[in-house]
Amino acid sequence: MRVHVYGASGYAAAELIALLARHPRAQLGALESVSHAGEPLAKHFPELRWIDRTFDGPGCVSERLEAGDAVVLAGSHGIAKTIAPQLLERGARVVDLSGDFRLNPSPAVYGFAERYRDRIAAAQFVANPGCYPTATLLATLPLARFAPQRIIVDAKSGITGAGRTPATASLFAEVAGDVRSYSLDGHRHEPEILQEWRAAGINGDLVFTPQVVPVSRGMLVNAYAMFAQPVADEAVHAEFVHAYAGNAFVRVLDDGMVPSMRSVRGTNNAELHVSVHGAVVRVICTIDNLGRGAAGQAAMNLNIMHGYPAQTGLEHYS
């Protein structure tokens, strides 16, 4: 598969470029960037020095696109709404990393493979889930059959989740030594989470608290599901084990083991810890916000769309 990257100078895009450059079934196409056009990748991402490429200028994806190519849209929110229809019309497979097409009604398939693998396999257009929803859904969807009345989601993200565009709130001096809650009146990812909960049969309320922590990358979600009456410990654990059996990227940890940002850093993996406390179930999930929360998930979706095993090219990344 030949894969072009639009908006190639962001954190998630750089992570994806590295994955595709090592991928045994992928060829890097145009790497389009308005801000860094003509400059070597290595100038802006030292970790990409082994890739002898420069950023391509505006319009390069469109110029080089051939029917059957894939395009990953990694630009800012709002841009994909204009670009995606043009690419699809020309026969491209498209994966959108922005939030432009995640909410229904949408022409894109929601790219959460644990629930929609068959749809992704048949899709020309996939909307990559956000990092907060990815970790939250992994932690909560197996609880659907137990009918939680409310789920409290306490979520912590590394600062790369804010993107690469300079902003005062993202400066090291602002973030270091602090844990900062934000968007408490309604985060943009809440509708995405609720949409997928309702589709899975979870009708309970959501209380969502996003926070930025002073780490470069990573995400930790603590989900507290509340029920009308106590639930059986064995049944809950069995549901999670069944939900992720045979999944190369999701680990349900044994008792005594706690999910760790460090253990999933630079991978497409997710770690889960499940514990039952009467009428409350606590699920802890950790992912890499740039890995499973963005680039790794995009690469996995590209694999599924092209008929390859989901883990192709991600074996070293897990």
Side-chain angles (χ1 to χ4, degrees), residues 102-104 110 112-119 129-157 179 181-211 213 218-247 249-261 263-264 269-287 292-293:
R102 293 172 184 157
L103 298 180
N104 293 324
Y110 191 67
F112 188 71
E114 278 74 16
R115 181 167 173 81
Y116 300 116
R117 184 179 298 261
D118 290 343
R119 295 187 196 177
C131 49
Y132 280 123
T134 295
T136 300
L137 295 176
L138 287 169
T140 56
L141 287 189
L143 295 171
R145 66 176 286 250
F146 301 101
Q149 294 185 321
R150 172 174 295 167
I151 304 179
I152 297 171
V153 177
D154 178 277
K156 299 174 176 66
S157 173
V179 176
S181 302
Y182 68 102
S183 295
L184 299 182
D185 293 329
H187 191 274
R188 63 186 178 87
H189 283 312
E190 288 185 45
E192 187 180 342
I193 294 168
L194 286 169
Q195 170 183 278
E196 296 308 309
W197 277 5
R198 302 302 184 247
I202 295 177
N203 295 311
D205 298 329
L206 167 65
V207 180
F208 183 69
T209 305
Q211 298 155 82
V213 294
M219 176 160 289
L220 184 73
V221 161
N222 290 278
Y224 303 91
M226 301 177 179
F227 301 86
Q229 56 190 11
V231 293
D233 188 304
E234 298 82 2
V236 171
H237 278 87
E239 193 68 21
F240 275 85
V241 171
H242 173 74
Y244 299 120
N247 190 311
F249 298 116
V250 181
R251 303 169 182 159
V252 181
L253 301 180
D254 296 332
D255 289 343
M257 297 184 69
V258 180
S260 165
M261 282 190 188
S263 68
V264 298
N269 291 338
E271 288 188 344
L272 295 170
H273 171 87
V274 185
S275 58
V276 179
H277 308 268
V280 178
V281 174
R282 178 183 62 203
V283 186
I284 305 171
C285 177
T286 187
I287 62 172
R292 180 60 203 262

Show me, pair by pair, the donor-acceptor contacts under 3.5 angstrom made by side chains of residues 187-194, not counting sequence neighbours?
from   : atom 1 : to     : atom 2 : distance (Å)
His187 : ND1    : His189 : N      : 3.0
His187 : NE2    : Tyr182 : OH     : 3.4
Arg188 : NH1    : His77  : NE2    : 3.3
Arg188 : NH2    : His77  : NE2    : 3.4
His189 : ND1    : Glu192 : OE1    : 3.2
Glu190 : OE2    : His187 : N      : 2.9
Glu192 : OE2    : Tyr110 : OH     : 2.5
Glu192 : OE2    : Gly130 : N      : 3.0

Can you find a heavy atom in the side chain of Val231 that is under 4.5 Å from one in the side chain of Val281? yes
Heavy-atom distance under 4.5 Å between the side chains of Glu114 and Val250, does that happen here? yes
Would Glu271 and Ser260 count as having a side-chain donor-acceptor pair, cut-off 3.5 Å? no
For Arg115, is the CZ atom crowded, meaning more than 12 foreign heavy atoms sit under 6.0 Å from it? yes
State which residues pass side chain to side chain contact (heavy atoms under 4.5 Å, CB included) with Ala232; sequence neighbours excluded, sorted by chain then number. Glu234, Ala235
Under a 3.5 Å distance rule, please check whether Thr134 uses its side chain to pair with a backbone N or O of Gly293 as donor and acceptor. no
Step through the shown structure and confirm whether more than 12 heavy atoms of other residues, nucleotides or ligands are within 6.0 Å of CG on Asp233. yes
Suppose we call two aromatic rings close when their centres sit under 6.0 Å apart. Are Tyr244 and Phe249 close by that rule? no
Find out whether Val274 and Val236 are in side-chain contact, i.e. whether some heavy atom of one side chain is under 4.5 Å from a heavy atom of the other. yes
Gln195 and Asn104 have their tightest heavy-atom pair at OE1-N, 2.7 Å
Rounding to 0.5 Å, atoms NE2 (His273) and CE (Met257) come to a distance of 11.0 Å
From CA spacing to verdict: side chain to side chain contact (heavy atoms under 4.5 Å, CB included), Leu184, Thr209: CA-CA 6 Å; Leu184 299 182; Thr209 305; 4.0 Å; yes
Which donor-acceptor pairs under 3.5 Å do side chains of residues 137-155 form with protein atoms, sequence neighbours excluded?
from   : atom 1 : to     : atom 2 : distance (Å)
Thr140 : OG1    : Thr136 : O      : 2.7
Thr140 : OG1    : Trp197 : NE1    : 2.9
Arg145 : NH1    : Glu239 : OE1    : 3.4
Asp154 : OD1    : Lys156 : NZ     : 2.4
Asp154 : OD1    : Gln211 : NE2    : 3.4
Asp154 : OD2    : Gln211 : NE2    : 3.0

Starting at OG of Ser263, measure out to CG of Leu253 and round the result to the nearest 0.5 Å. 7.5 Å
Report the distance from atom CG of Leu220 to atom OG of Ser157, rounding to the nearest 0.5 Å. 10.5 Å
